[in-house]
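Residue numbers run from 1 in the order of the sequence given.
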Amino acid sequence: MNDVLQVEVSARERDVLLRGLRYVRSALLLQMRDPDADHDRWRSHLLEEIQALSHRLQPGEAVDVRN
């Protein structure tokens, strides 16, 4: 079940959120780990979610809240 939460944010707040997502993405990419197929799938899925959310927060992007 996908719960949708709609929030209004200012341009500055959006920039803070995007900066935070870039930080989380970088930390995930730089994380030391043992090779493990399950962990690699989880990591790839998380990186895809971060990318999708970042894309939705970009200025001028149409947001489809049905996802």
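- Expressed to the nearest 0.5 Å, how far CG of L18 lies from CD of E13 amounts to 12.0 Å.
- Rounding to the nearest 0.5 Å places CG of D36 at 11.5 Å from CH2 of W42.
- In this structure E49 satisfies the side chain to side chain donor-acceptor pair (under 3.5 Å) test together with H45, sequence neighbours excluded.
- In the hydrophobic clustering, where aliphatic and aromatic side chains (Ile, Leu, Val, Met, Phe, Trp, Tyr) are joined below 4.5 Å either directly or transitively, L5 groups with V7.
- In this structure, CG on L53 lies 5.0 Å from CG on L21, to the nearest 0.5 angstrom.
- The CZ atom of R14 sits 14.0 Å away from atom CZ of R56, with the distance rounded to the nearest 0.5 Å.
- Taking L29 as the reference, R25, R43, L47 meet the side-chain contact (heavy atoms from CB on, under 4.5 Å) condition, with sequence neighbours excluded.
- Taking hydrophobic clusters as Ile, Leu, Val, Met, Phe, Trp and Tyr residues chained together by side-chain heavy-atom distances below 4.5 Å, V16 does not share a cluster with I50.
- Taking 4.0 Å as the cut-off between side-chain N and carboxylate O, D38 and R41 count as a salt-bridged pair.
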